Amino acid sequence: MEGTVLRIERSSIFDGDGLRTVVFLKGCPLSCWWCNAPESQSMLIEGTTEEETRKKMYGRLMTVEEVLKEVRKDSSFYFHSGGGMTLSGGEPLSQSYFSRCLLQQTEREGIDTVVETTFYGDWGDIDPILHHVSAAYVDLKIMNPKEHKKYCGVDNKKILENLKRTNETNADFRLVIRIPVIPGINDSEENLHRTGAFAGRLKHLDAIELLPYHRLGAGNYRKLGRAYLLPDLQTPSQEELERCREILSLYVKRVI
């Protein structure tokens, strides 16, 4: 069983509890204007367009066992820090069978598993994955479907329906809703109130996490020969983030 892996990063502290090895897969059905990893969107293994001494390639085929061989290298750190493996993307649902096999085998070896996902996929693929993770970090970017399609390339119907269906599953996992705070796009009071009210009805919800916009991936657009659509946008201030946090806290107990 092979999947297309973008990269594997070790010792992350931002993708779940403890120290984690993050496996980034290729392929995502969304094309968000602020995406900080445009090289993850295509399922194809691709290279930079720049004239370079050594052309950089994005992606490689790996088996479940080859990925696990890398994940096992930090087993002692997982044990002492409460960490494990986080499966990210791109979008893991774009390679749903590979993702399920990898998470299942990792879990069997006693390594904690987490998935980062947009939830843009079929529930028949999502529910089995939820049974093999301790936590699911799910992006909830914009509530208005037309605005979501404009800025993310697809509407949000599937995402919202799948989030609602988590109330029906018997999988034992923590749900963390992640909101990338994009000034002028999804930080309006209307969108924040709608997001908070929706998230507050999700039974598995543990917290909402705010992710301030940044431009760290802008250079990769140039390397891929693509235009970056938000060249002048600035990172939100702490005051702006606190305003968002106050609104969302009206609906949910934990906003981090």
Side-chain angles (χ1 to χ4, degrees), residues 14-17 28-30 32 34 86-89 91-93 96 99-100 103 112-213 236 240-256:
F14 302 109
D15 300 277
D17 295 337
C28 182
L30 279 66
C32 303
W34 52 86
T86 297
L87 188 59
S88 190
E91 171 50 67
L93 295 173
S96 60
S99 295
R100 178 156 58 99
L103 289 166
D112 182 71
T113 53
V114 166
V115 66
E116 295 176 335
T117 171
T118 66
F119 255 29
Y120 191 88
D122 296 329
W123 180 250
D125 292 327
I126 294 171
D127 193 43
I129 284 176
L130 295 179
H131 282 77
H132 297 295
V133 298
S134 64
Y137 288 76
V138 182
D139 288 351
L140 187 53
K141 307 170 195 293
I142 304 171
M143 292 300 293
N144 183 293
K146 291 183 179 178
E147 292 290 295
H148 197 282
K149 186 169 185 177
K150 174 183 176 180
Y151 291 110
C152 303
V154 297
D155 69 30
N156 58 4
K157 183 179 179 181
K158 275 187 176 183
I159 296 169
L160 298 181
E161 286 180 349
N162 287 328
L163 280 167
K164 290 177 185 176
R165 293 192 73 168
T166 61
N167 286 345
E168 306 165 9
T169 184
N170 61 359
D172 183 18
F173 71 101
R174 293 185 302 108
L175 174 63
V176 178
I177 295 294
R178 279 181 162 173
I179 303 175
V181 180
I182 318 298
I185 294 179
N186 70 344
D187 63 343
S188 68
E189 289 196 11
E190 179 188 5
N191 187 64
L192 292 167
H193 279 290
R194 289 182 64 184
T195 303
F198 179 85
R201 296 192 291 269
L202 301 174
K203 295 178 181 178
H204 288 271
L205 185 72
D206 178 64
I208 289 180
E209 182 177 3
L210 299 180
L211 302 176
Y213 165 80
E240 291 170 324
L241 291 174
E242 186 57 34
R243 177 185 64 84
C244 297
R245 188 173 290 109
E246 288 177 359
I247 293 174
L248 293 166
S249 294
L250 297 173
Y251 303 93
V252 301
K253 291 181 180 179
R254 291 185 66 220
V255 182
I256 55 180

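Keep in mind it's a predicted model, so treat the numbers as computed, not measured.
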*Polar side-chain atom of Thr113 near backbone of His132 as donor-acceptor pair, under 3.5 Å*: yes
*Any side-chain heavy-atom pair from Asn144 and Arg194 closer than 4.5 angstrom?*
yes
*Between Asp187 (side chain) and Gly184 (backbone), is there a donor-acceptor pair under 3.5 Å?*
yes
*Answer yes or no: are there more than 12 heavy-atom neighbours, outside Glu190 itself, under 6.0 Å from its atom CD?*
no
*Between Lys141 and Pro180, which heavy-atom pair has the shortest distance, and what is it?*
CG-CG, 4.1 Å
*Quick check: does any side chain N or O of Glu209 sit under 3.5 Å from a backbone N or O of Val176, one acting as donor and the other as acceptor?*
no
_Could you check whether any side-chain heavy atom of Thr166 comes within less than 4.5 Å of a side-chain heavy atom of Phe119, counting everything from C-beta outward?_
yes
_For a quick test of reading the model, state the closest non-hydrogen atom pair linking Asn191 to Met143 and the distance between them._
OD1-N, 2.9 Å
*Determine the minimum heavy-atom distance between Trp34 and Cys152, stating which atoms define it.*
CH2-SG, 3.9 Å
*State, to 0.1 Å, how close Gly121 and Ile126 come at their nearest heavy-atom pair, and which atoms those are.*
O-CD1, 4.2 Å
_Within-4.5 Å side-chain heavy-atom neighbours: Lys146 and Lys149_ = no
*asked:* Given 3.5 Å as the limit, does a donor-acceptor pair link the side chain of Asn186 with the main chain of Ile182, or not?
replied: yes
*What's the shortest heavy-atom distance between Asp112 and Val114, and which atoms?*
OD2-CG2, 3.9 Å
_Nearest 0.5 Å, please: how far is OH in Tyr120 from CG in Leu30?_
7.5 Å
*Would you check if the side chain of Ser96 reaches a backbone N or O of Asp125 as a donor-acceptor pair within less than 3.5 Å?*
no
_Asn167 side-chain N/O to Arg201 backbone N/O, donor-acceptor pair under 3.5 Å_ = yes
*Quick one: which of Ile177, Leu140, Ile256 gives a side chain to side chain contact (heavy atoms under 4.5 Å, CB included) with Ile208?*
Ile177
*Check whether any side-chain heavy atom of Ser99 sits under 4.5 Å from a side-chain heavy atom of Val115, and report yes or no.*
no
*Do any pairs count as a ring pair (Phe, Tyr, Trp, His ring centres under 6.0 Å) and have a residue in residues 159-195, sequence neighbours left out, and if so which ones?*
Phe173-His204, His193-Tyr251
*Give me the one residue out of Leu130, Val138, Asp206 that meets side chain to side chain contact (heavy atoms under 4.5 Å, CB included) with Leu175.*
Val138
*Residue pair Val154 / Pro29: nearest heavy atoms and the distance that separates them*: CG1-O, 3.7 Å
*With the side chain counted from C-beta on, respond yes when His131 and Thr169 share a heavy-atom pair under 4.5 Å apart, and no when they do not.*
yes
*Report the C-alpha distance between Leu248 and Leu210 in whole Å, list the side-chain angles of each, state the deciding distance to 0.1 Å, and finish with yes or no for side-chain contact (heavy atoms from CB on, under 4.5 Å).*
CA-CA 10 Å; Leu248 293 166; Leu210 299 180; 3.6 Å; yes
*asked:* Would you say that Lys157 contacts Pro145 through its side chain, given a criterion of any heavy-atom pair below 4.5 Å between the two side chains?
replied: no
